Amino acid sequence: MTTAVAAPFRFFSLQVVRTRRLGPSLVRVTFGGPDLAAFHSDGRDQSLSLFLPHPGQPEPVVPVELGDGWWQAWRELPDDVRAVMRSYTLRALRRDPDEIDIDFVLHGVGPGAAVPAGPASRWAARAAAGDRVLLLGPAIADNRAIRFRPPGDTDLVVIWGDATALPAVSAILESLPAGLPARVWLEVHDAGDIQDLETAADAEITWLVHDGPSSTDRAEVPHCPKGVGGAPIPMALGALRAAQLPPAGRPYAWIAGESSCVKALRRHLVGERGFDRRRVTFVGYWRRGLTEEELRASE
């Protein structure tokens, strides 16, 4: 397994350049600013920390002037003053001009939403050119916040992600070498969120749609059979159990999204399919029923 280089991270002061709606549940926000000249990343599933202002604030409040003491000081600020921090994945980095893209999943911003929108969804839904944010990201390209690291002898890549992992999966697919077999499952909230993904790999991509059948033949809505005790089997687990993977002696898996689903899929790959646990990268981006603040407090 390749070892990540311990890399420094720093704050970047950025502003919104433009936004683009990708689907009913997804919006892409492009950021720019002189600070990005010092931003470097090898991409793939590069994790970032984004700090957003509260309504009425011209910029996010983070005591960066305190150096290494910023974290404790930020935590001690009043809730309605302290910048909102959320974890996101870098979707793209461009030069001339320096820009980055971050894709946001919009929860609860539409009419009749079952749950109220969180602060990041509300911000992204209203973001406009000139809005200011703060980003904590890498200053060198190879860094410990990139987790997708298949060994050099990998002969099959298996990927699963929900909507929160879609930007990472998109970037990962673009990075795969030509001809490498890859089997990919992506869960989205709406068929309108399905995207055309680019890759040189021999990739078979299956879209799992929550809200009913899709008009595209690239999507399916698998049933949710009953498991032990009558509990429903998650959509992703049912789809992967039913799948026939191509023969491979040294497969590598990357799974990311809702924490409990990620754990169930890892158990399936290691316990039922015999994957080497050292060749399974799993990342819980969020946990059902918890805000990111509550998730950090529980860890």
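Keep in mind that what you see is a predicted model, and the values were worked out from it rather than measured.
- Heavy atoms only, all atoms of each residue included: R149 and Y252 are closest at N-OH, 3.2 Å.
- Note: the hydrophobic cluster containing L134 does not contain L66 (ILVMFWY, side chain heavy atoms under 4.5 Å, direct or indirect links).
- Taking the side chain as every heavy atom from C-beta outward, F282 and L269 never approach each other to under 4.5 Å.
- Residue R266 holds its CZ atom at 15.0 Å from CH2 of W160, rounded to the nearest 0.5 Å.
- Checked options L48, L14, D98; the residue passing with F39 is L48 (criterion: side-chain contact (heavy atoms from CB on, under 4.5 Å)).
- Considering only heavy atoms from C-beta on, T164 stays 4.5 Å or farther from E258 through its side chain.
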- Kindly determine whether V184 and L197 satisfy side chain to side chain contact (heavy atoms under 4.5 Å, CB included), including the steps that lead there. CA-CA 11 Å; V184 183; L197 304 182; 5.9 Å; no

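- In this structure, F104 and W123 have tilted ring planes: the angle between them lies in the 30° to 60° band.
- Judged by distance alone, the side chain of S259 and the main-chain N or O of G284 form no donor-acceptor pair under 3.5 Å.
- For the side-chain contact (heavy atoms from CB on, under 4.5 Å) criterion with L22, the lone passing option out of L166, I194, V27, D103 is D103.
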- Audit row: F11, L135, side chain to side chain contact (heavy atoms under 4.5 Å, CB included) steps and yes/no: CA-CA 5 Å; F11 282 101; L135 182 77; over 6 Å; no

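- Side-chain atoms of S25 and D193 include a donor-acceptor pair closer than 3.5 Å.
- No more than 12 heavy atoms of other residues, nucleotides or ligands shown are found within 6.0 angstrom of CZ on R132.
- Annotation: side chain of P246 is in contact with side chain of R183 (closest heavy-atom distance under 4.5 Å).
- Put simply, the side chain of R250 does not reach to within 4.5 Å of the side chain of T154, judged on heavy atoms.
- Looking only at side-chain heavy atoms (C-beta outward), S47 and T89 stay at 4.5 Å or farther from each other.
- Contact detail for I146 and R44: the closest heavy-atom pair is CG2-NH2, 3.3 Å.
- Between the side chain of Q57 and the backbone N or O of V81, at least one donor-acceptor pair lies under 3.5 Å.
- Across T19 and A127, no two heavy atoms sit closer than the pair CG2-O, 3.7 Å.
- Under 3.5 Å, the side chains of E204 and T206 contain no donor-acceptor pair of N or O atoms.
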- Message: Under the criterion side chain to side chain contact (heavy atoms under 4.5 Å, CB included), I'd like the reasoning laid out for Q46 against L93: C-alpha separation, chi angles, the key distance, then a yes or no.
- Response: CA-CA 11 Å; Q46 175 72 67; L93 166 63; over 6 Å; no

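- Nearest heavy atoms, R95 versus H40: NH2-ND1, 3.5 Å.
- Contact detail for V209 and D190: the closest heavy-atom pair is CG1-C, 3.8 Å.
- Here the side chains of F275 and H268 are not in contact, with every heavy-atom distance at 4.5 Å or above.
- Remark: side-chain polar atoms of W185 are not paired, donor with acceptor, to backbone N or O of A236 under 3.5 angstrom.
- In this structure, L237 and C261 have side chains that are not in contact, with every pair of non-hydrogen atoms separated by 4.5 Å or more.
- The structure places CG of D101 at 9.0 Å from CZ of F31, a figure rounded to the nearest 0.5 Å.
- Note on ring orientation: taking the six-membered ring where Trp is involved, the planes of F51 and W70 are perpendicular (angle over 60°, cut-offs 30° and 60°).
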- Worked check of salt bridge (Lys or Arg N to Asp or Glu O under 4.0 Å) between R10 and D35: CA-CA 10 Å; R10 54 159 286 187; D35 279 5; 3.7 Å; yes

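- Note that the CE atom of M85 and the CH2 atom of W71 stand 4.0 Å from one another [nearest 0.5 Å].
- Taking 4.5 Å as the limit, every side-chain heavy atom of V283 sits out of range of all side-chain heavy atoms of F148.
- A side-chain contact (heavy atoms from CB on, under 4.5 Å) with V133 is found for one member of V84, L50, V29, I102 and no other, namely L50.
- Put simply, F12 and V17 are part of two different groups of oily side chains (I, L, V, M, F, W, Y) that touch within less than 4.5 Å, one to the next.
- No side-chain donor-acceptor contact under 3.5 Å links Q72 to the backbone of G69.
- Considering CZ of R91 and OG1 of T30, their distance stands at 11.0 Å, rounded to 0.5 Å.
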- Go through the steps to decide whether R18 and E99 satisfy the test side chain to side chain contact (heavy atoms under 4.5 Å, CB included), and finish with yes or no. CA-CA 10 Å; R18 59 186 173 275; E99 293 181 341; 2.9 Å; yes

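- Rounding to the nearest 0.5 angstrom, the gap separating the CG atom in L156 from the CG atom in L180 is 7.5 Å.
- The minimum heavy-atom distance between E59 and P53, with the atom names listed, is C-CB, 3.6 Å.
- Within a 6.0 Å radius of CD in E65, other residues, nucleotides and ligands contribute more than 12 heavy atoms.
- In this structure, CZ in R21 is found 5.0 Å from CG in L106, a value given to the nearest 0.5 Å.
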